[in-house]
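Here's the structure, in structure tokens; my notes come after.
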Amino acid sequence: MSAPDTKKTPLAEVHEDLGATVTEFAGYLMPLRYGSETAEHQAVRTSAGLFDLSHMGEIFVTGTQAGAALDHALIGHLSALAVGRARYTMICDPQGGVLDDLIVYRLAAETFLVVANASNAALVHSELVKRSDGFEGATVDDRSDAYALVAVQGPKAQAILSKLTDAPVADLKYYAGLPGAVAGIDALIARTGYTGEDGFELFVPASDAVTVWEALTEAGGDELRPCGLSARDTLRLEAGMPLYGNELTTATTPYDAGLGRTIKFDKGDFVGRAALAALADETPERTLIGLVAKGRRVPRHGYEIVGSDGTPCGVVTSGAPSPTLGKPIAMGYIDAGHTEDTDLYVDIRGKNEPVDKVALPFYRRTP
């Protein structure tokens, strides 16, 4: 039974009509799958998939000092972001731990959209309010309930979306966005995603979410399949994309996850700078790696990684059967002393199962 305060997205009735299996996730009732999660996964790799991401947080930072406030609050250099472009970044605590990973869009010279994970949206909003104190020309406004977010992902996403908009989506670069009408609804059209495929994320008024979803469904026909959280997770895992709560937590730094490049020290001071600067020239205590199981048993979140000497040397953060590779795959953190260890195992319910250590991502789409 769901908690009394569990929220629904504007597309909840659509998911119910489609017969989705629904689960509680980050305080929302969300579609887990509509039928076969493997078929949904493969649809995104070969054609296109349609996702409801309306649980994500949309926080606007506006004003003459909006860019400066975000430079202080986040580890990226957002004031240098060009209008119409987006950037992956993080908000860290003073110790350098990751509070959330974010995508920030610069919609206008003095208007930024910060997209936070659903489970952290309230925290990110609170921190942005606190960290913008002293920047009189910056206002932070959480408009998460006003927006729905729909994603169409896959090699046929552009062709499907082009049927519904006159916006020049074919020319839109990766990690860029532009305003445009989709099925007659005003939207922010962004060429971003979390699947490893080409695709678009559409920010639309919550009241128009059903109209946009149904228009995409009709335009896509047999080439577009609704997809739930299960497919989204295996897609992002194959693409080697971190998930907050798994690969990223307050106990990890951007360096641990191999994302030190997202820290921009040359922009000046920011929350977490001193702690992260102290780690900049150090070898991380642990490193995020990819694992491919040699057998059929699946390494799952929380399972121990075991070194060639038989001692635990890390932990699996995400694991699942890979529909594309046809093998179980996982990501996990391994201690610095074992990064050269080539004979690794994962303790799966008391038995050490052999795994191959591989470079991330597991899957990279053909341009």
So, for [X] and [Y], which heavy atoms are closest and what is the spacing to 0.1 Å?
| X | Y | result |
| --- | --- | --- |
| Pro10 | Ala148 | CG-CB, 4.3 Å |
| Ala187 | Val182 | CB-CG2, 4.1 Å |
| Pro205 | Ile185 | CD-CG2, 4.0 Å |
| Gln153 | Phe200 | NE2-N, 3.3 Å |
| Arg273 | Gly268 | NH1-O, 2.8 Å |
| Glu304 | Pro312 | OE1-CG, 3.6 Å |

Quick check for you: to the nearest 0.5 Å, what is the distance between [X] atom [atom1] and [Y] atom [atom2]?
| X | Y | atom1 | atom2 | value |
| --- | --- | --- | --- | --- |
| Glu13 | Leu18 | CD | CG | 12.0 Å |
| Gln65 | Phe135 | CD | CZ | 6.5 Å |
| Leu161 | Leu202 | CG | CG | 5.5 Å |
| Cys227 | Glu37 | SG | CD | 11.0 Å |
| Ile334 | Thr287 | CD1 | OG1 | 8.0 Å |
| Leu11 | Leu53 | CG | CG | 10.0 Å |

Check ion pair [X]-[Y] (N to O, under 4.0 angstrom):
| X | Y | value |
| --- | --- | --- |
| Arg225 | Glu40 | no |
| Lys357 | Asp341 | no |
| Asp198 | Arg191 | yes |
| Glu247 | Arg236 | yes |

query = When you look at Lys264 and Asp71, which way does the salt bridge (charged side-chain N to carboxylate O under 4.0 Å, His left out) test go after all the steps?
reply = CA-CA 9 Å; Lys264 304 301 180 186; Asp71 283 347; over 6 Å; no
Does the side chain of [Y] come within less than 4.5 Å of [X]'s, by heavy atoms?
| X | Y | value |
| --- | --- | --- |
| Pro323 | Leu235 | no |
| Val14 | Asp17 | no |
| Val315 | Tyr303 | no |
| Val83 | Leu107 | no |
| Arg296 | Lys327 | no |
| Val152 | Phe51 | no |

Stepwise side-chain hydrogen bond (donor to acceptor under 3.5 Å, both in side chains) test for Ser47 and Glu223 = CA-CA 6 Å; Ser47 183; Glu223 295 182 325; 5.3 Å; no
query = Going through the checks in order, is the side-chain contact (heavy atoms from CB on, under 4.5 Å) test met by Phe270 and Leu276?
reply = CA-CA 10 Å; Phe270 59 92; Leu276 292 170; 4.1 Å; yes
Counting only N and O atoms by type, is there a donor-acceptor contact under 3.5 Å from the side chain of [X] to the main-chain atoms of [Y]?
| X | Y | result |
| --- | --- | --- |
| Asp52 | Met30 | no |
| Thr249 | Gly245 | no |
| Lys163 | Ala219 | yes |
| Glu285 | Asp335 | no |
| Thr317 | Met331 | yes |
| Arg365 | Arg45 | no |
| Thr46 | Gln42 | yes |
| Thr62 | Glu110 | no |
| Glu197 | Gly154 | no |
| Asp93 | Gln95 | yes |

request  = Please check if atom NZ in Lys294 has more than 12 non-hydrogen atoms from other residues, nucleotides or ligands closer than 6.0 Å.
outcome  = yes
key: Over 12 non-hydrogen atoms of neighbours within 6.0 angstrom of CZ in Arg364   = no
query = Does any donor atom in the side chain of Asn120 or Tyr244 lie under 3.5 Å from an acceptor atom in the other side chain?
reply = no
key: Partners meeting side-chain contact (heavy atoms from CB on, under 4.5 Å) with Pro321 (sequence neighbours left out)   = Val298, Arg300
Could you list the donor-acceptor pairs under 3.5 angstrom formed by side chains in residues 346-355, with sequence neighbours left out?
{"unit_1": "Asp347", "atom_1": "OD1", "unit_2": "Gly350", "atom_2": "N", "d": "2.8"}
{"unit_1": "Glu353", "atom_1": "OE2", "unit_2": "Arg297", "atom_2": "NH1", "d": "3.2"}

request  = Verify side-chain hydrogen bond (donor to acceptor under 3.5 Å, both in side chains) between Thr311 and Asp309, making sure each step is shown before the conclusion.
outcome  = CA-CA 6 Å; Thr311 61; Asp309 59 1; 2.7 Å; yes
inquiry  = Under the rule for ring pair (Phe, Tyr, Trp, His ring centres under 6.0 Å), what residues qualify as partners of Tyr28, not counting sequence neighbours?
reply    = none
inquiry  = Would Arg286 and Tyr333 count as a cation-pi pair here, with the cationic atom under 6.0 angstrom from the ring centre and within 45° of the axis?
reply    = yes
query = Remaining members of Val61's ILVMFWY cluster at a side-chain heavy-atom cut-off under 4.5 Å?
reply = Ile59, Leu70, Leu74, Leu78, Leu81, Ile91, Leu99, Leu102, Val104, Phe112, Val114, Leu123, Val124, Leu128, Val129, Val140
remark   = Members sharing Tyr194's hydrophobic cluster, built from side-chain contacts under 4.5 Å between Ile, Leu, Val, Met, Phe, Trp and Tyr, are Met241, Leu243
message = Run His301 and Ser318 through side-chain hydrogen bond (donor to acceptor under 3.5 Å, both in side chains) and show every step you take.
response = CA-CA 5 Å; His301 174 81; Ser318 297; 5.5 Å; no
task = Evaluate side-chain contact (heavy atoms from CB on, under 4.5 Å) for Asp145 paired with Lys7, printing each intermediate quantity in order.
result = CA-CA 10 Å; Asp145 289 341; Lys7 300 174 71 174; 2.9 Å; yes
ask   = Applying the 4.5 Å side-chain criterion to the ILVMFWY set and letting contacts propagate, would Val212 and Leu113 be lumped into a single cluster?
value = no
ask   = Would Leu344 and Val358 show up in the same hydrophobic cluster when neighbours are defined by side-chain heavy atoms closer than 4.5 Å?
value = no
Verdict with supporting geometry, Val204 and Asp186, side-chain contact (heavy atoms from CB on, under 4.5 Å) = CA-CA 7 Å; Val204 300; Asp186 289 339; over 6 Å; no
request  = Show your reasoning for whether side-chain contact (heavy atoms from CB on, under 4.5 Å) applies to Val98 and Thr250.
outcome  = CA-CA 5 Å; Val98 180; Thr250 53; over 6 Å; no
ask   = Do the ring centers of Tyr175 and Tyr105 come within less than 6.0 Å of each other?
value = no
ask   = In chain order, what residues pass the side chain to side chain donor-acceptor pair (under 3.5 Å) check against Tyr34, with sequence neighbours excluded?
value = His15
